[in-house]
Trainee: 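Structure below; questions to follow.
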Amino acid sequence: MRYSRDMIGYGEHAPDARWPGNAKIAVQIVVNYEEGGENSIEHGDAASEAFLSEIIGAQPWPGKRHWNMESIYDYGARAGFWRLYRMLSDIPVTVYGVATALERAPEQVAAMQRAGWEIATHGLKWIDYRDIPAEVEADHIAKAVELHTRVTGQRPYGFYQGRTSMNTVALGCEEGGFEYLADTIADDLPYWHVHKGKPQLMVPYTMDANDMRFSSGQGFGTGVEFFDYLRDSFDVLYAEGQAGAPKMMSIGLHCRLAGRPGRALAIQRFIDHCRAHEGVWFASRLDIARHWAKEHPYQPRQRPSQMGRDEFVQKFGGIYEHSPFIAERTFDGEMGAIHDTAGGLALRMAQVFRSASDDERLGVLNAHPDLAGKLAAAKQLTADSTSEQASAGLDALTDAERAEFQRVNTAYVEKHGFPFIIAVRDHDKPGIMAAMNARLANDTKTERAEAERQVARIATLRLQEALK
């Protein structure tokens with residue numbers, strides 16, 4: 001089974017974003033423009049809108065218009081947009097514009113362009129795509145780009161569907177003209193997503209620093225709560241930037257929600273808070289995407305989870321000495337992005353090894369050569385074993401050292417029934433000899449457990465080399 005989700009990302013150490021001017025944080029504000037693109041009988045839909053409004057617990061009205069719902073959306077276009085525009089017109093905002101909403105908003109679009117805002121596409125209509133066939137959604141994306149281009153004079157370079165299906169990201173990749181997709185909440189930094197062998201930049205969005213939580217049961221009740229959350233998010237990310245790991249902060253606004261007077265002040269207070277700090281880069285999403293593509297271009301790398309079985313076994317079949325069944329069983333189990341790193345693949349192979357029968361695990365131990373033994377002298381070690389033993393100087397022993405290794409090796413095997421195993425890259429020659437003498441005294445049960453731990457450690461070190 002191949003697990004599709006990437007649960008590792010950048011891992012413990014994120015890359016240095018290298019924001020312009022050595023900024024400590026990139027602050028990215030989105031204004032969602034959806035008014036006029038929502039579900040409505042007058043828009044040819046089957047029911048009224050029920051999402052992201054002041055009406056708690058709203059439900060669609062099949063076959064009917066909903067006056068209160070429509071007028072809430074009207075407020076966003078008539079008043080809320082302009083309030084946010086006055087606050088943000090000197091900041092490089094990104095607009096998520098629903099194409100049919102933009103078509104019904106000539107004055108608002110002109111204002112967006114006057115302010116130099118990026119206008120990304122928010123799809124054709126503000127509808128839920130979870131049950132819509134892929135071919136229909138693809139057609140809607142194409143029509144959204146076409147209509148967006150006619151309305152604004154330029155095709156969109158960013159895409160955020162919002163109410164996605166499991167096909168949305170793939171369809172966005174396949175459209176071919178987007179510099180970034182934003183239908184992800186998976187990170188604090190942009191990242192490259194690979195679809196059918198081609199890279200696509202993802203610039204993550206947010207559901208937490210988002211005024212949509214004013215319309216949910218668990219969310220913000222007042223502008224003070226919203227500001228507190230935005231400020232705390234900023235402060236944590238800014239501190240991480242000061243510590244050498246700059247991130248981006250996304251803020252999601254909606255004209256009919258944050259554009260209300262009781263909430264808008266939170267936005268102004270947040271902007272003032274940001275401006276009180278040095279090293280803050282206000283940027284559009286397209287600014288961020290282009291910066292990332294330049295500073296962190298896509299770098300192809302080995303992806304074990306994407307290999308064919310024969311290729312995988314050929315490359316990793318010797319990680320456990322002369323025991324390709326470990327690689328075979330690893331490949332046949334669940335694999336995903338977490339196994340495309342040395343640490344992740346080592347852990348998965350160790351699981352397979354520990355799940356093997358007692359005889360199979362003993363066979364793996366006995367597949368290992370004696371340290372500085374006859375195979376080494378005859379130059380019949382595997383390439384990995386040759387390199388490992390050489391790294392500790394075991395290929396350049398004096399006659400006395402070689403005799404001592406052979407003596408202890410013989411005594412160890414006679415007592416425990418398998419060769420002495422140690423991750424030699426973790427030790428020097430004296431340390432190895434000291435460990436051999438110390439472990440010779442262990443009982444066989446204890447030593448068997450230690451030998452198996454060392455086998456897993458050797459595999460980890462080998463994978464680190466193989467996946468550089």
Side-chain angles (χ1 to χ4, degrees), residues 1-4 6-8 11 194 197 300-392 394-395 409 413 416-427 448-468:
M1 171 188 170
R2 290 300 170 266
Y3 190 69
S4 64
D6 183 347
M7 305 288 280
I8 190 166
V194 178
R301 61 186 178 88
Q302 296 183 79
R303 295 181 181 271
S305 67
Q306 302 301 312
M307 291 179 176
R309 194 176 193 273
D310 290 346
E311 180 187 8
F312 183 89
V313 175
Q314 181 178 1
K315 185 169 184 65
F316 302 111
I319 294 297
Y320 280 74
E321 193 82 3
H322 295 298
S323 302
F325 77 91
I326 301 292
E328 293 167 351
R329 293 179 191 177
T330 297
F331 182 90
D332 293 340
E334 179 181 292
M335 288 190 67
I338 59 171
H339 304 115
D340 290 339
T341 66
L345 186 55
L347 182 59
R348 183 74 184 101
M349 296 184 83
Q351 286 180 272
V352 171
F353 172 61
R354 293 170 190 141
S355 299
S357 69
D358 185 78
D359 285 346
E360 287 174 324
R361 296 197 313 278
L362 183 59
V364 173
L365 300 187
N366 279 311
H368 280 259
D370 290 339
L371 291 183
K374 294 179 179 179
L375 288 179
K379 300 186 182 302
Q380 293 180 357
L381 297 178
T382 64
D384 283 327
S385 290
T386 298
S387 174
E388 289 158 0
Q389 295 202 23
S391 73
L394 301 187
D395 62 338
N409 276 331
V413 173
H416 298 302
F418 47 85
F420 175 79
I421 300 171
I422 192 169
V424 296
R425 291 190 186 276
D426 290 335
H427 302 83
R448 170 73 180 272
E450 179 59 29
E452 292 189 4
R453 281 192 291 271
Q454 292 296 322
V455 164
R457 174 60 180 161
I458 291 168
T460 298
L461 293 170
R462 289 178 175 180
L463 285 167
Q464 288 173 355
E465 287 294 314
L467 291 174
K468 278 185 176 178

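What you see is a predicted model; the values in this text were computed from it and never measured. Excluded from the calculations below are hydrogen atoms, water molecules and symmetry mates; all remaining heavy atoms, backbone and side chain alike, are included. Count residues from 1 along the sequence.
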Trainee: If you compare all heavy atoms of Ala356 against all heavy atoms of Phe325, which two are closest, and at what distance to 0.1 Å?
Mentor: CB-CE1, 4.1 Å
Trainee: Can you name the nearest heavy-atom pair linking Phe420 to Asn409, along with the distance?
Mentor: CB-OD1, 4.2 Å
Trainee: Should Met335 and Leu345 count as side-chain neighbours, where that means a heavy-atom distance under 4.5 Å?
Mentor: yes
Trainee: Please find the pair of heavy atoms, one from Leu461 and one from Ala423, that lie closest to each other, and give the distance.
Mentor: CD1-CB, 3.9 Å
Trainee: Just jot down the side-chain contact (heavy atoms from CB on, under 4.5 Å) partners of Ile338, sequence neighbours excluded, or say none.
Mentor: Met7, Ile8
Trainee: Are the side chains of His339 and Tyr3 in touch, meaning some heavy atoms are under 4.5 Å apart?
Mentor: no
Trainee: So, using side-chain hydrogen bond (donor to acceptor under 3.5 Å, both in side chains) as the criterion, who are the partners of Glu334 when residues are at least two apart?
Mentor: none
Trainee: Is there a side-chain contact between Ile319 and Ile326 in this structure, where contact means two heavy atoms from C-beta onward sitting under 4.5 Å apart?
Mentor: no
Trainee: Which heavy-atom pair separates Leu467 from Pro304 by the least distance, and what is that distance?
Mentor: CD2-CG, 4.0 Å
Trainee: Could you pull out the closest heavy-atom pair between Phe312 and Ala327, with the gap in Å?
Mentor: CE2-O, 3.3 Å
Trainee: Restricting to salt bridge (charged side-chain N to carboxylate O under 4.0 Å, His left out), what partner residues turn up for Glu311, sequence neighbours left out?
Mentor: none
Trainee: Given the rule in the side-chain contact (heavy atoms from CB on, under 4.5 Å) test, do Arg309 and Asp332 qualify, once you have shown the distances and angles that lead to the verdict?
Mentor: CA-CA 8 Å; Arg309 194 176 193 273; Asp332 293 340; 2.9 Å; yes
Trainee: Salt bridge (charged side-chain N to carboxylate O under 4.0 Å, His left out) with Glu328: which residues, sequence neighbours excluded?
Mentor: none
Trainee: Please check: side-chain N/O of Arg2 versus main-chain N/O of Ser305, any donor-acceptor pairing under 3.5 Å?
Mentor: yes
Trainee: Hey, what do you get for CG (Leu347) to CG (Leu463), rounding to the nearest 0.5 Å?
Mentor: 11.0 Å
Trainee: Does Asn366 have any side-chain hydrogen bond (donor to acceptor under 3.5 Å, both in side chains) partners at least two apart in sequence or in another chain, and if so, which?
Mentor: none
Trainee: Going by the ring pair (Phe, Tyr, Trp, His ring centres under 6.0 Å) test, which pairs reach into residues 340-368, not counting sequence neighbours?
Mentor: Tyr320-Phe353
Trainee: Among residues at least two apart in sequence or on other chains, which ones pass side-chain contact (heavy atoms from CB on, under 4.5 Å) with Ala337?
Mentor: Asp6, Asp340
Trainee: Between Thr330 and Gln351, is there a side-chain heavy-atom distance shorter than 4.5 Å?
Mentor: no
Trainee: Could you check whether Asp358 pairs with Arg361 (Lys NZ or Arg NE/NH1/NH2 to Asp/Glu carboxylate O, under 4.0 Å)?
Mentor: yes
Trainee: Indicate the atoms forming the closest heavy-atom contact of Pro324 with Val313, along with that distance.
Mentor: CB-CG1, 4.5 Å
Trainee: By the side chain to side chain donor-acceptor pair (under 3.5 Å) test, which pairs, at least two apart or in different chains, include something from residues 459-468?
Mentor: Glu321-Arg462, Ser385-Arg462, Glu388-Arg462, Glu465-Lys468
Trainee: Sequence neighbours left out, what passes side-chain hydrogen bond (donor to acceptor under 3.5 Å, both in side chains) with Arg453? Give chain and number order.
Mentor: Glu450
Trainee: Go through the structure and list residues passing salt bridge (charged side-chain N to carboxylate O under 4.0 Å, His left out) with Asp310, not counting sequence neighbours.
Mentor: none
Trainee: Are any non-hydrogen side-chain atoms of Gln302 and Met307 less than 4.5 angstrom apart?
Mentor: yes
Trainee: Got a sec, which residues hit salt bridge (charged side-chain N to carboxylate O under 4.0 Å, His left out) with Arg348, two or more places apart in sequence or on another chain?
Mentor: none
Trainee: List the residues meeting side-chain contact (heavy atoms from CB on, under 4.5 Å) with Ser4, not counting sequence neighbours, and say none if there are none.
Mentor: none
